[in-house]
Amino acid sequence: MTVISVPQAFNEEQLFVDLESIFGQSLFLKCEGFNFAGSIKLKAATEMVETAEREGILTPESILVESSSGNLGVALSMIAASKGYRFLCVTDARCNLSTRLLMKALGSQVHIISGPDAHGGYLGARLDFVRALCASDDRYVWLSQYTNPGNWRAHYRTTAPEIARQFPEVDVVFVGAGTTGTLMGCARWFREWSRPVKVVAVDSVGSVTFGGAPGRRMIPGLGMSVHPPLLDESFVDEVVLVEEADTIRACHRLARRGFLFGGSTGTVVSGATSWLEKNGAPGLTSVAIAPDLGERYLDTIYQSNWLQDLYGEDVLEPDERADTSWADPAWAAAAEAAWAAASSASAASAAPPAEPATTPSVSPDGQLH
């Protein structure tokens, strides 16, 4: 039995999904969304906050502020609520509505940047706002996930060794690249391990992280519009870029088999399976990291109108669409009518019996009875 008193004390670290039956490739998916923050960002958030506390940067009067597209904001909201800090998350319009509502439910404030910076990226505009805020009031404490070494140290201490304990013969690890905290922590740890492990970074098309041209990215999580300061490419063996349409297809393919994952996970799985199609070999042990689950993407990735408006009606293949062919309209109408009839019959049977009718009579004294 596990008993905790603070939410950040719980994180499931030993859950892996075998994806071979779904994608035809030998790939194990490490699920990082089973904690109270719902994503892998709990690890970095905990590491950065506890380090700031040890160093005396955080005090009871401090106001935490961070730029986040969603998951780190939720993790910091949860930790701030647990520890009694105030927290302001600076995000942009791509942040899912459910994520914003979740942060507010935890007592945090959310500021949405409405437009991009001069270079067309939202991240730069978010960072400019955070810098101005911190300059205006010294109570604001910016953990800066983009430069904070605690971001990658969290995964050096936890994520990479967790994989190695369960798969001591692992050959290749696929890691999504956002701030590159998870990527660098795992890459540094496996570089020092007793056997060679190939670390493959998975990024979104339109991200500039690995020198690509900037482009539209509508799915939050992976990818950057500025070069991530934490990245050291000498630790990365290969890079795979994934189109957002392929991210969506991977998510829906998983959902058709009962696994509802988030956009970041769809990107990692798509990149991993495409790499394995070209480079896989019998006996190769491969592990990919799933940063989050899919509930926060119900109004985007899993919403048909959103998909069609941004990516067209043909973004999903037939086998990736939800099968609703069994829901015939005529059958539904008949079922509705049967339900209404059954409800009426049930109401009639439950009604009290009517009083027997009586004929009024007149007594000898002339009174009506």
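- Linking Ile, Leu, Val, Met, Phe, Trp and Tyr residues whenever their side-chain heavy atoms come within less than 4.5 Å places Met184 and Ile163 in a single cluster.
- Its side chain within the 4.5 Å cluster rule, Leu101 clusters with Leu97 among the Ile, Leu, Val, Met, Phe, Trp and Tyr residues.
- Heavy-atom minimum distance, Val199 versus Asp237: N-OD2, 2.7 Å.
- Rounding to the nearest 0.5 angstrom, the gap separating the OG atom in Ser274 from the CG atom in Asp246 is 8.0 Å.
- Under the ring-ring contact (aromatic ring centres under 6.0 Å, His included) criterion, Phe190 pairs with Trp193, not counting sequence neighbours.
- Using modelled atom types, no side-chain atom of Thr99 and backbone atom of Cys95 make a donor-acceptor pair closer than 3.5 Å.
- To the nearest 0.5 Å, the span separating OG1 on Thr180 from CG on Leu230 amounts to 5.0 Å.
- Contact between Leu241 and Val205 at its shortest, heavy atoms only, is CB-CG2, 4.0 Å.
- Scanning both residues, Gly33 and Leu293, for their nearest heavy atoms gives O-CD1, 3.8 Å.
- Not a single donor-acceptor pair under 3.5 Å links the side chain of Arg100 to the backbone N or O of Thr91.
- When hydrophobic clusters are built by joining Ile, Leu, Val, Met, Phe, Trp and Tyr residues whose side-chain heavy atoms come closer than 4.5 Å, directly or via intermediates, Phe210 is not grouped with Val242.
- At a threshold of 4.5 Å between side-chain heavy atoms, the hydrophobic network of Ile, Leu, Val, Met, Phe, Trp and Tyr places Phe174 and Val236 in two separate groups.
- Hydrophobic cluster membership is shared by Leu298 and Leu316, with clusters built from Ile, Leu, Val, Met, Phe, Trp and Tyr side chains linked at under 4.5 angstrom.
- Side-chain atoms of Asn96 and Ser98 include no donor-acceptor pair closer than 3.5 Å.
- Shown here are the side chain to side chain donor-acceptor pair (under 3.5 Å) partners of Asp137, two or more places apart in sequence or in another chain: Arg139.
- Every salt bridge (Lys or Arg N to Asp or Glu O under 4.0 Å) that Glu169 has, sequence neighbours left out, goes to Arg195.
- Side-chain contact check for Ser144 and Thr147: at least one donor-acceptor pair (N or O, by modelled atom type) lies under 3.5 Å.
- Both tests pass for Arg188 against the ring of Phe235: distance under 6.0 Å to the centre and angle within 45° of the axis.
- Figure legend: Arg216 and Tyr311 shown as a cation-pi pair, the cationic atom lying under 6.0 angstrom from the six-membered ring centre and within 45 degrees of its axis.
- Note: Tyr302 and His252 have tilted aromatic rings, judged against thresholds of 30 and 60 degrees for the angle between ring planes.
- Put simply, the side chain of Leu231 reaches to within 4.5 Å of the side chain of Leu183, judged on heavy atoms.
- The distance from the CG atom of Leu106 to the CG atom of Leu102 is 5.0 Å, given to the nearest 0.5 Å.
- Listed by first then second residue, pairs satisfying side chain to side chain donor-acceptor pair (under 3.5 Å) with a partner in residues 18-32 read Lys30-Glu32, Lys30-Glu162, Glu32-Lys43, not counting sequence neighbours.
- Sorted by first and then second residue, the side chain to side chain donor-acceptor pair (under 3.5 Å) pairs with a member in residues 66-76 read Glu66-Trp142, Ser67-Arg126, Ser67-Tyr146, Asn71-Asp292, Asn71-Arg296; sequence neighbours excluded.
- Contact of the Val141 side chain with the Ile63 side chain is not registered, since no non-hydrogen atoms from C-beta on lie closer than 4.5 Å.
- Under the 4.5 Å side-chain contact rule for hydrophobic residues, Val197 and Val172 do not share a cluster.
- At a threshold of 4.5 Å between non-hydrogen side-chain atoms, the residues Thr267 and Thr265 do not count as touching.
- Judged by distance alone, the side chain of Arg86 and the main-chain N or O of Glu61 form a donor-acceptor pair under 3.5 Å.
- A search for ring-ring contact (aromatic ring centres under 6.0 Å, His included) contacts involving Phe167 returns Phe16, Phe28, not counting sequence neighbours.
- Atom CG of Asn11 is separated from atom CZ of Phe34 by 11.0 Å, given to the nearest 0.5 angstrom.
- The two atoms that bring Cys186 and Val175 nearest to each other are CB-CG2, 4.4 Å, heavy atoms only.
- When side chains are defined from C-beta on, Ile113 counts as touching Val90, because their heavy atoms get closer than 4.5 Å.
- Taking Asp128 as the reference, Arg131 meet the salt bridge (Lys or Arg N to Asp or Glu O under 4.0 Å) condition, with sequence neighbours excluded.
- Atom-to-atom distance recorded for Asp171:CG and Thr285:OG1 is 5.0 Å, nearest 0.5 angstrom.
- When all heavy atoms of Leu254 and Phe23 are compared, the closest pair comes out as CD2-CE1, 3.7 Å.
- By the side chain to side chain donor-acceptor pair (under 3.5 Å) test, Thr209 is found to be paired with Ser207, residues two or more places apart in sequence or in another chain being considered.
- Under 3.5 Å, the side chains of Thr59 and Ser62 contain a donor-acceptor pair of N or O atoms.
- With a 4.5 Å cut-off between side-chain heavy atoms of Ile, Leu, Val, Met, Phe, Trp and Tyr, the cluster of Val208 takes in none.
- A donor-acceptor distance shorter than 3.5 angstrom exists from the side chain of Asn35 to the backbone of Ser39, with no hydrogens or angles considered.
- Side-chain contact annotation: Lys41 with Gln145, donor-acceptor N/O pair under 3.5 Å present.
- Taking 4.5 Å as the limit, some side-chain heavy atom of Phe129 sits within range of a side-chain heavy atom of His111.
- Checking side-chain atoms of Thr51 against main-chain N and O of Glu47 turns up a donor-acceptor pair under 3.5 Å.
- When the shell of 6.0 Å around CD of Glu243 is examined, it contains 12 or fewer heavy atoms from other residues, nucleotides or ligands.
- Side-chain atoms of Arg157 never come within 3.5 Å of backbone atoms of Trp152 as a donor-acceptor pair (strictly under, hydrogens ignored).
- Residues Tyr122 and Ser225 are not in side-chain contact: their nearest non-hydrogen atoms beyond the backbone lie 4.5 Å or more apart.
- Residues that satisfy the salt bridge (Lys or Arg N to Asp or Glu O under 4.0 Å) test with Glu238, not counting sequence neighbours, are Lys198.
- The backbone N or O of Ile219 lies less than 3.5 Å from no partner atom in the side chain of Arg94, so there is not a single donor-acceptor pair.
- In this structure Glu53 satisfies the salt bridge (Lys or Arg N to Asp or Glu O under 4.0 Å) test together with Lys83, sequence neighbours excluded.
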Please determine whether side-chain contact (heavy atoms from CB on, under 4.5 Å) holds for the pair Phe259 and Ile22, giving the CA-CA distance in whole Å, both sets of side-chain angles, and the decisive distance to 0.1 Å. CA-CA 10 Å; Phe259 294 105; Ile22 303 175; 3.9 Å; yes

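- Contact check for Leu276 versus Ser286: side-chain heavy atoms found under the 4.5 Å cut-off.
- At least one side-chain heavy atom of Leu143 sits less than 4.5 Å from a side-chain heavy atom of Leu64.
- Listed for the Ser270 side chain is no donor-acceptor partner under 3.5 Å among the backbone atoms of Gly266.
- One distance of note links CG of Leu307 with SG of Cys251; it measures 9.5 Å at 0.5 Å rounding.
- Scanning both residues, Val74 and Ala37, for their nearest heavy atoms gives CG1-O, 3.5 Å.
- No side-chain donor-acceptor contact under 3.5 Å links Ser108 to the backbone of Lys104.
- For CD of Glu12, the number of neighbouring non-hydrogen atoms (other residues, nucleotides, ligands) closer than 6.0 Å is greater than 12.
- Judged by distance alone, with hydrogens and angles left aside, the side-chain atoms of Gln303 form a donor-acceptor pair with the main-chain N or O of Trp306 at under 3.5 Å.
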